[in-house]
**Q** 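The following block contains the structure, expressed as structure tokens.
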Amino acid sequence: MSGGEGAREPALPTIVIVDDAAEVRSLVRTRLRLSRKLHVVGEAADGVEAIEMARQHRPELMLLDVSMPVMDGLETLPRVLEASPGTRVVMYSGFQEQGLAQRALELGASVFLEKSSSLDTLADELVAALSAATAPVAPAVEPEEPDEDADAAVLREHLERFREVFDDAAIGMATVTLAGQVVRANAALADLLGRPVAELVGTPYAAFVGTAEGRLAAALQEILDGTSRVVQVEHEVPLGSVRRQVLATLAPVLDSAGRPLYLFLQVQDVTAQRAAEEQLRQSEARFRLIVEAVEDYAIFMLSTDGDVQSWNAGAERINGYAEDEIVGRHFSTFYPPEVVASGHPERELEIALREGHYEEEGVRVRKDGTRFWANVLITAVHDRDGRHVGFAKVTRDNTERREMLEMLEQAAEDQAHFLAVTAHELRTPVGVLAGTAETLREHWTQLDDADRDGLLDGMVSSAARLRRLLTDLLTASRLQASALEMSSEPVDVLRLAEAAVATAQRIHPADEVLVEGEPGLVVDGDPDRLAQVLDNLIGNALRHGRPPVRVTVHRVGDTVEVAVGDSGSGVPEEMRERLFDRFATGRSRGGTGLGLFIVRQLARSHAGDAVYLPPAPGEPGSGRFVVSLPLATPSV
């Protein structure tokens, strides 16, 4: 029999496979063909395509993934049934059941299957769905594990540990479809929202945010539009008489093409923090105007027109003006020229007079021209008869506080992105490796060459992806902790480059990788870490650029420069400033965002550096990534 689907057997029920991962569709299609129990008439990569397949083929069965770009499975399900009422829909998900199955059945699914189920029984379970009036959920018991080698055991252990971290985390966590529906939640989130986990699964998160529903919808749209990588929405949780304030952080998990697959949600209880902030604000408001001599606040009076009438020690320290230099001048002196030109200082006085006070944070200018971030409160002052006599203005320098908050926000963003990247990078390759290995072992003689080549290519790609992820995570962790151990010995840079190119060529035989340079250039360093530098640069060029990839090794003064370039369009200008930051990923093909960070840190650990040089005007190619290393000192 040929490697295609073959002629349709009249007695075989028809089925459409819907999954955003092409390698998963290929694996399932092959197993269904080998079963000789079902006929695959179409495939789709998202919900929109699934509806069209249902309308076009009217299949007897549809195997529908839950989390997909454009339209998720839960949103797609009722529309498929509307387009083809006779189709039995079987939900197929990499998420553990945890109540998601019940929600799928309520929407009209016949069966819910987990992707961890054995592929040997998949065809039988699908055929059984045709005769079941309301099919049961696939049992959530763990399948009997076959003997596995050491590598498979390590991969399984890493996946299990990630699940444990998710389920047992003290912070609320969930995975959410692009439409905003919760598909997996941990106990901490259930406790925060005051609902059992089973009730959360399959429910839009918007149902728990109260009046912040509009802000949540806008945040989801920012992610879908690609305008934001991480968004935050603070909202109250309706819990009867209890007032709970939480901060929800959403980050997309991207596929290899940079498209959102689903969302990672992190929810923190900030009730105590907000209460403390409000108490502090009220305390500050009570005492600001009491102590004139304080140095942490600029406290002074303004006339009804905004001219400075008094000055305190704190005002002189913060703004830099002595009292005789500023009294009588308009308070717009403290604002940047562009803000003054917009009329903003005058609007502040208008609002303070109308509403009693005006408060904001913004940029202010000192006497010497330097700028700082200030918290400003302007209060309208009236005499006993109610006549407006001026304004009291209190200014605090919040520069350090703002910088600390930005650092904390960045740390939270890095944590959310790290968890999202790890979950996404592990999920598909582990599933493909396990499923493909089982298929090859059980059905090797039944597969033709095209089937075997396709499955083996998927294994090679998935294994390389896992190996790269684990290596990058371990190296980045040790670099950050300053715990990376390195040896030092003479290393011939050209030979090292030639070995790296040979390795890349074996993994990517269809792509051309060239190397040239000066022989005999030696540096002192760790050969394994320097090899990792070259592997990351070449792999980066192959993933994000276009062959041929060129590696050159030359001497420049007392250093050796290794340059890696390709024939692609180069790094977008907006990416260049953060190119070597942790978790800096382009929008086109995803990845861990650690490769170039590791390259620069390892280069600097060898007393060198790594930079990106864009192409000169009119110069072809993508520019070059250049690693410079000091030449080894000749031995006496």
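What you see below is based on every heavy atom in this structure, not just the backbone, and it leaves out hydrogens, waters and symmetry mates. What you are looking at is a predicted structure, and each value in this text was computed from that prediction instead of being measured.
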**Q** Has the side chain of S84 got a donor or acceptor atom that lies under 3.5 Å from a matching backbone atom of V80?
**A** no
**Q** Indicate yes or no: at least one non-hydrogen side-chain atom of V491 is less than 4.5 angstrom from one of L496.
**A** yes
**Q** Hey, is the main chain of A610 close enough, under 3.5 Å, to the side chain of R600 for a donor-acceptor pair?
**A** yes
**Q** Roughly how far, to the nearest 0.5 Å, is OG of S35 from CD of Q446?
**A** 10.5 Å
**Q** Are any of the side-chain heavy atoms of V18 and L63 separated by less than 4.5 Å?
**A** no
**Q** Considering non-hydrogen atoms only, spot the tightest contact between P252 and I223 and give its length.
**A** CB-CG2, 3.7 Å
**Q** Is the side chain of R624 donor-acceptor paired with the backbone N or O of V564 at a distance under 3.5 Å, no angle test?
**A** no
**Q** Report the C-alpha distance between T249 and Q266 in whole Å, list the side-chain angles of each, state the deciding distance to 0.1 Å, and finish with yes or no for side chain to side chain donor-acceptor pair (under 3.5 Å).
**A** CA-CA 5 Å; T249 302; Q266 180 176 284; 4.8 Å; no
**Q** Show your working on side chain to side chain contact (heavy atoms under 4.5 Å, CB included) between L64 and Y92 and close with a plain yes or no.
**A** CA-CA 5 Å; L64 180 61; Y92 194 49; over 6 Å; no
**Q** How long is the gap from OG on S228 to CG on L220, to the nearest 0.5 Å?
**A** 11.0 Å
**Q** Hey, are E106 and R103 close enough for a salt bridge, meaning a charged N less than 4.0 Å from a carboxylate O?
**A** yes
**Q** Do any N or O atoms from the side chain of Q505 and from the backbone of H508 form a donor-acceptor pair under 3.5 angstrom?
**A** yes
**Q** Return the minimal non-hydrogen interatomic distance between L514 and P548, and the atom names on each side.
**A** CD1-CB, 4.5 Å
**Q** Would V253 and Y262 count as a side chain to side chain contact (heavy atoms under 4.5 Å, CB included) here? Give the steps.
**A** CA-CA 6 Å; V253 176; Y262 55 91; 3.7 Å; yes
**Q** Measure the spacing between CD of E75 and CG of L107 and express it to the nearest 0.5 Å.
**A** 10.5 Å
**Q** Can you see which heavy atom on L542 is nearest to which on A504, and at what distance?
**A** CD1-CB, 4.2 Å
**Q** Given V182 and T203, is the side chain to side chain contact (heavy atoms under 4.5 Å, CB included) satisfied, shown in steps?
**A** CA-CA 6 Å; V182 177; T203 303; 5.7 Å; no
**Q** Please report the interatomic distance CG(L32) to CG(L126), rounded to the nearest 0.5 Å.
**A** 6.0 Å
**Q** Is there side-chain contact between I171 and V267, with heavy atoms separated by less than 4.5 Å?
**A** no
**Q** Do R506 and T503 make a side-chain contact, defined as non-hydrogen atoms from C-beta onward lying under 4.5 Å apart?
**A** yes
**Q** Before you tell me yes or no, could you show the steps for R79 and E82 under salt bridge (charged side-chain N to carboxylate O under 4.0 Å, His left out), namely the whole-Å CA-CA distance, both residues' side-chain angles and the distance that decides it to 0.1 Å?
**A** CA-CA 5 Å; R79 302 189 186 188; E82 181 181 353; over 6 Å; no
**Q** Closer than 3.5 angstrom, by distance alone: can the side chain of T436 be matched with the main-chain N or O of M459 as a donor-acceptor pair?
**A** no
**Q** Stepwise, does the salt bridge (charged side-chain N to carboxylate O under 4.0 Å, His left out) test hold for E60 with R88?
**A** CA-CA 6 Å; E60 294 168 72; R88 289 297 186 99; over 6 Å; no
**Q** Checking side chain to side chain contact (heavy atoms under 4.5 Å, CB included) for the pair V533/V627: CA distance, chi angles, key distance, verdict?
**A** CA-CA 9 Å; V533 168; V627 175; 3.9 Å; yes
**Q** Does any non-hydrogen side-chain atom of Q181 lie less than 4.5 Å from one of V176?
**A** no
**Q** As an exercise, state the distance from CD1 of I538 to CG of D511, rounded to the nearest 0.5 Å.
**A** 12.0 Å
**Q** Does N186 reach the main-chain N or O of M173 with its side chain, forming a donor-acceptor pair under 3.5 Å?
**A** yes
**Q** Minimum heavy-atom separation for A54 to M62, with atom names?
**A** CB-CE, 3.9 Å
**Q** Does the side chain of L263 reach to within under 4.5 Å of the side chain of Y205, using non-hydrogen atoms?
**A** no
**Q** State yes or no: are the ring centers of F625 and Y612 separated by less than 6.0 Å?
**A** yes
**Q** Work out which heavy atom in L455 is nearest to a heavy atom in T439; give both atom names and the distance.
**A** CD1-CG2, 3.9 Å
**Q** If you measure from CE on M575 to CG on L596, what distance do you get to the nearest 0.5 Å?
**A** 8.0 Å
**Q** Mind checking whether P527 and S487 have side chains closer than 4.5 Å, heavy atoms only?
**A** yes
**Q** Taking D528's backbone N and O only, do any of them form a donor-acceptor pair with D526's side chain (distance below 3.5 Å, no angle check)?
**A** yes
**Q** Looking at every non-hydrogen atom in both residues, tell me the closest pair between G202 and L74 and how far apart they are.
**A** CA-CD1, 4.4 Å
**Q** Strictly distance-based, threshold 3.5 Å: is any side-chain N or O of T175 a donor or acceptor partner for the main-chain N or O of V183?
**A** no
**Q** Measuring only between side-chain heavy atoms, which start at C-beta, is R33 closer than 4.5 Å to H39?
**A** no
**Q** Would a distance-only check, ignoring hydrogens and angles, find a side-chain to backbone donor-acceptor pair under 3.5 Å from S110 to V90?
**A** no
**Q** Is there a salt bridge (charged side-chain N to carboxylate O under 4.0 Å, His left out) between R441 and E438? Walk through the geometry before answering.
**A** CA-CA 5 Å; R441 185 183 64 183; E438 184 179 356; 5.5 Å; no
**Q** Walk me through it: do R550 and D566 pass the test salt bridge (charged side-chain N to carboxylate O under 4.0 Å, His left out)?
**A** CA-CA 6 Å; R550 292 181 171 81; D566 60 80; over 6 Å; no
**Q** Check the surroundings of atom CZ in R495: do more than 12 heavy atoms from other residues, nucleotides or ligands lie under 6.0 Å from it?
**A** no
